[in-house]
Amino acid sequence: MGIDLVGKAKRVRVYTSEDDRVGRSPAAHAVLEYLRRENAQGATLLRAASGFGAAGELHTAGLVDIAPHLPVIVEWIDRPEVVERLLPRVKELVPHGLITVDDTEIVLHAPHPVRDLPATMTAADVMSRDVVSAASDTPLREVVEALLGKPYRAVPVVDDGVPVGIVTGSDLVRKGGLGVRLDLAATLERPELQELLQRLSRSSLVAADVMTRPPVTVEAGTPLPDVAARMARLRLKRMPVVSDHGKLVGVVARVDLLRAAARSLDTAAPGSGAAARALGLARDTPLARVMRRDFPLVRPETPLAEVFQAVVATRLNRALVVDAEHRVVGLVTDAELLERITPALRPGALRSLMSRLPFAHPGPEEATLERHAHARTAADLMTSEVALAREDTPVAEAIGLMLAGNHKVLAVTDAGGHLVGMVDRSDLLHGLIPG
């Protein structure tokens with residue numbers, strides 16, 4: 001199945017006028033083209049019959065001519081995380097006007113099954129073109145601020161438009177002294193975050209001091225199967241995409257490949273076989289062949305310290321919660337641990353998560369706080385929103401499930417609903433590569 005958008009979503013409306021332009025193109029058309037290029041779910045351009053803006057001048061369409069200053073509206077509905085990723089560039093494409101965002105709910109989503117595909121899809125067909133990059137001498141604080149709150153966790157470093165390195169979240173922790181992963185930094189209280197940024201300001205480190213070099217890049221014309229194979233082999237989440245002249249033109253992320261597969265590998269749709277061949281990716285691999293069986297488990301009554309130990313046991317930074325019959329009842333992530341425990345315990349918790357050591361207290365005061373904390377077991381810390389899939393589910397369908405809810409992992413069950421495995425995005429990418 002493809003991505004099912006039914007449920008919570010965001011609606012974006014862009015109000016501009018016919019004569020607002022980006023280069024030689026009308027601004028509204030530039031927005032539509034950008035959304036299409038970035039694989040947004042869809043957008044509609046509406047032309048008004050009459051209207052006025054902040055200047056108070058009324059524009060009306062006559063019977064003979066269309067008024068050149070008439071208002072136009074671009075309406076776009078998509079998943080919240082996609083809106084978050086694309087909206088900054090949309091704002092840049094609107095020289096004058098108004099943009100609104102509101103919550104909406106999709107009750108029916110029945111798109112055409114497969115978009116038109118070229119003979120072979122390439123990195124350029126799925127990459128993000130709106131790329132934030134840094135220069136070699138960019139101060140480390142500016143690099144971190146460019147990443148905070150963003151869905152991506154790496155910044156290409158360019159000199160003269162040519163990638164010379166990439167600063168990843170792990171680079172910032174290992175070589176930049178950040179002290180906390182970027183996704184965990186989002187859970188910090190504002191004073192704690194400001195203290196972290198001030199510490200970076202006092203450092204003389206720049207992007208070149210911490211970046212991974214040389215970066216692993218891919219040419220824009222590289223077929224998707226080759227891109228997927230390289231990312232899977234090197235366990236990369238994203239790669240800079242370069243032109244024939246070596247200039248940075250975009251970034252392809254693991255999620256871009258999964259999204260392309262989810263949209264094109266619809267097993268129930270007519271013509272889906274041709275789409276799969278065009279992509280050059282496997283679609284029918286069952287999860288049982290790619291899932292991992294060594295994953296951390298806890299019970300609802302597992303105490304706080306043991307939950308920490310389970311969460312830091314693997315690179316997944318999360319643990320599944322199962323009942324006595326081995327059925328999944330919840331999921332605990334490192335971010336939820338920090339959010340839900342009492343604030344006084346956060347320093348010790350953060351040390352445990354970053355060093356992957358057992359949760360220990362330096363003194364009796366914190367031990368007392370834990371005994372009186374509300375969140376003391378896995379049941380107090382877990383979320384019940386866990387994505388489930390059967391072990392015979394095809395990889396293509398599993399990708400749709402994962403992306404629809406923006407899940408990082410899927411719990412895999414047998415026919416009786418008992419937990420037998422777990423997959424993350426890396427596992428699914430491996431499953432897409434023809435064997």
Side-chain angles (χ1 to χ4, degrees), residues 81 151 153 169-170 173 179-189 192 237 287 291-361 366-367 369-389 398 401-413 417-428:
E81 66 272 14
R153 297 283 183 262
S170 60
V173 172
V180 58
R181 292 201 321 273
L182 286 164
D183 50 345
L184 294 181
T187 68
L188 297 177
E189 300 291 338
E192 297 172 295
K237 294 182 179 179
L287 289 184
M291 71 184 185
R292 62 188 65 210
R293 300 177 187 273
D294 55 336
F295 49 89
L297 288 178
V298 293
R299 297 283 295 276
E301 65 272 15
T302 301
L304 180 62
E306 292 181 28
V307 175
F308 266 86
Q309 189 170 352
V311 167
V312 302
T314 72
R315 65 175 179 81
L316 295 174
N317 300 309
R318 59 200 70 223
L320 288 169
V321 187
V322 296
D323 62 17
E325 297 181 356
H326 223 62
R327 297 178 187 274
V328 180
V329 295
L331 177 73
V332 179
T333 71
D334 54 359
E336 284 158 348
L337 282 173
L338 284 182
E339 286 179 355
R340 300 188 184 194
I341 63 173
T342 184
L345 291 176
R346 283 183 187 163
L350 194 54
R351 285 192 298 271
S352 173
L353 294 172
M354 292 306 299
S355 60
R356 296 193 175 278
L357 294 173
F359 184 44
H361 310 302
E366 284 188 347
L369 286 170
E370 182 186 343
R371 285 196 299 272
H372 294 284
H374 172 67
R376 298 174 58 187
T377 67
D380 301 325
L381 297 161
M382 72 183 189
T383 174
S384 58
E385 297 179 5
V386 188
L388 302 175
L401 289 172
M402 182 173 280
L403 295 179
N406 196 28
H407 300 290
K408 295 293 180 68
V409 298
L410 290 178
V412 185
T413 68
H418 305 100
L419 182 67
V420 294
M422 175 192 280
V423 292
D424 67 358
R425 292 175 177 178
S426 177
D427 300 322
L428 294 181

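The figures that follow rest on heavy atoms only: side chains count, while hydrogens, waters and symmetry mates do not.
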### Message
Quick one, Phe295 with Leu419, criterion side chain to side chain contact (heavy atoms under 4.5 Å, CB included). Give me CA distance, side-chain angles, the key distance, then yes/no.
### Response
CA-CA 11 Å; Phe295 49 89; Leu419 182 67; 3.3 Å; yes
#### Entry: Steps toward side chain to side chain contact (heavy atoms under 4.5 Å, CB included) verdict (Leu287, Leu428)
CA-CA 8 Å; Leu287 289 184; Leu428 294 181; 3.7 Å; yes
### Query
Do the non-hydrogen side-chain atoms of Arg292 and Asp424 ever get within less than 4.5 Å of each other?
yes
### Residue pair Pro296 / Ala310: nearest heavy atoms and the distance that separates them
CB-O, 3.3 Å
### Query
To the nearest 0.5 Å, how far apart are CZ in Arg327 and CG in Leu320?
15.0 Å
### Task
Could you tell me the separation between the CG atom of Leu410 and the CZ atom of Arg425, rounded to the nearest 0.5 Å?
10.0 Å
### Check against side chain to side chain contact (heavy atoms under 4.5 Å, CB included), His407 and Leu401
CA-CA 8 Å; His407 300 290; Leu401 289 172; over 6 Å; no
#### Entry: Closest heavy-atom pair and its distance - Glu81, Leu403
OE2-O, 3.7 Å
### Task
Could you grab the distance from atom CG of Leu331 to atom CZ of Arg318, nearest 0.5 Å is fine?
6.0 Å
### Task
Looking only at non-hydrogen atoms, find the nearest pair between Val321 and Pro300 and report the distance.
CG1-N, 3.6 Å
### Query
Could you walk me through whether Leu297 and His326 pass the side chain to side chain contact (heavy atoms under 4.5 Å, CB included) check?
CA-CA 10 Å; Leu297 288 178; His326 223 62; 3.5 Å; yes
### Query
When rounded to the nearest 0.5 angstrom, what distance separates CD in Glu306 from CD in Glu301?
10.0 Å
### Message
Are the side chains of Arg299 and Val322 in contact, using a 4.5 Å heavy-atom criterion?
### Response
yes
### Query
From Leu381 CG over to Thr333 OG1, what is the distance, rounded to the nearest 0.5 angstrom?
9.5 Å
### Task
Output the distance between atom CE (Met402) and atom NZ (Lys408), rounded to the nearest 0.5 Å.
10.0 Å
